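Just follow the structure's listing: the first ligand is 1, and inside any ligand the first atom is 1. Index from 1, following the sequence. Computed from a predicted structure; not experimentally measured.
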Amino acid sequence: MKIVLSKKSKIGNVDFENLEFGKIFTDHIFVSKFSNGKWTDGEIMPYGDFLISPSARVFHYGQAIFEGMKCYKSDKDSLILFRPDENFKRFNKSSDRMAIPKINKDVFFNGLNQLLKLDCEWVKKGDGNALYIRPFVFASEPSINASEADEYIFMIICCPSKSYYGDKKISVKIEEKYSRAARGGVGYAKAAGNYAAQFYPTLLAKKEGYQQIIWTDSNNHKSIEEAGTMNLFFRIKNKLITSPVSDSILDGITRKSIIELARNFNIEVEERPITIDELLSSFKNGYLKEIFGSGTAVVVLPIHSFGYQNKDYNIPDLENPFSLKLKKLR
Ligand code: COI
């Protein structure tokens, strides 16, 4: 693999204690290109701007997908990737849905491993520290013909991260007007446009004082789906309930892990639809003990209140919440 090293590392200028999510990137990136029906082996180059045609299809039709993965450093200085095979599988599942050619496993992992070897100093030890890895692919072919492209670029960039929202709990709004995803749509894929489509309704929710939206089903806005940057778990009495994954809900890798870990802790977990009516009646009866989100960036994020039809519902703090037990594994 061709490797061009950066002339000078930026690491000395980084305040690892005060990292804003997704703003600072490591010294190198991995790039592979697709043309004439195949991916190149790829190369490593210094992180930096690059040239791309204004007619590249991604700018016009949004043919792009991405992943979010994490790498940790153990006390013995080894790098540990969190379930990378799952991200790789989902990457190609998302690509398939967006008519993007699948990436070869060797290209993906040779690139990732080489990149981590070069930028390993950027992965810090200790609670809450991780390297967030963002593999992505986009249609680079210069053409505004509205069909799938013949040329693509795959890249991996990495940023050191702490938790997405710091140690804060968040409040969310249950959305009844806008939809994130519909049956038969692309909601299960990590398609770039899924995220862009959330920005406007989320902006409106932020003006009302919420940090995120709980998306409901697009048919009648009665069942809870996910929160866009995370899957959701509801603790009703001592049971955890999470919506089943579907074509409109992302198959979260952290979600899957939480379900497995909870069951190992003998916590009962149900994967089934949960309606707003059930949520409200559980709240009124005092049975709704916790809500939390799960995702690569947020890890496990407690939610302290939710808003529905102009009313806020506050969930009192618990002494030993499941969210903390599952995050800390103790
Ligand atoms: C992740 O957790 O990796 C996500 O995809 C959410 C991201 C948009 C911050």
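Residues Trp215 and Ser248 form no side-chain contact, since every pair of their non-hydrogen atoms from C-beta on lies 4.5 Å or further apart. Residues Leu240 and Glu268 are not in side-chain contact: their nearest non-hydrogen atoms beyond the backbone lie 4.5 Å or more apart.
Considering only non-hydrogen protein atoms, atom 9 (C) of ligand 1 sits nearest to Tyr164 CE1, 3.7 Å. Tyr132 OH, 3.4 Å is the protein heavy atom nearest to atom 1 (C) of ligand 1. Nearest protein neighbour of atom 7 (C) of ligand 1, counting heavy atoms only, is Arg134 NH2, 3.9 Å.
Atoms of ligand 1 lying under 4.0 Å from any heavy atom of Thr296, numbered from 1 in the order shown and given with element: 1 (C), 2 (O), 3 (O). The contact set between ligand 1 and Tyr195, taken as ligand atoms under 4.0 Å from a residue heavy atom, comprises 8 (C). Annotation for ligand 1: atoms under 4.0 Å from non-hydrogen atoms of Gly68 are 3 (O). Close contacts between ligand 1 and Phe66 involve ligand atoms 5 (O) [criterion: under 4.0 Å to a heavy atom].
Note on ring orientation: taking the six-membered ring where Trp is involved, the planes of Phe292 and Phe233 are parallel (angle under 30°, cut-offs 30° and 60°).
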**Request:** Would you please test Phe108 and Phe154 for ring pair (Phe, Tyr, Trp, His ring centres under 6.0 Å) and show each step?
**Result:** CA-CA 9 Å; Phe108 188 99; Phe154 167 76; 5.7 Å; yes
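Not a single heavy atom of Met230 sits under 4.0 Å from any atom of ligand 1.
Counted by atom type alone, Ser218 and Arg183 present zero donor-acceptor pairs between their side chains at under 3.5 Å.
Considering backbone and side-chain atoms together, Lys190 places an N or O closer than 3.5 Å to an N or O of ligand 1. For ligand 1, the polar-atom distance check against Ala297 finds a nitrogen or oxygen pair separated by under 3.5 Å. The shortest N or O to N or O distance between Thr229 and ligand 1 is not under 3.5 Å.
Residues satisfying the ring pair (Phe, Tyr, Trp, His ring centres under 6.0 Å) test with Phe25, not counting sequence neighbours, are Tyr47.
Judged by the 6.0 Å and 45° rule, Lys173 forms no cation-pi pair with Tyr308. The cationic group of Lys70 does not satisfy the cation-pi geometry with Tyr132, failing either the under 6.0 Å distance to the six-membered ring centre or the 45° limit from the ring axis.
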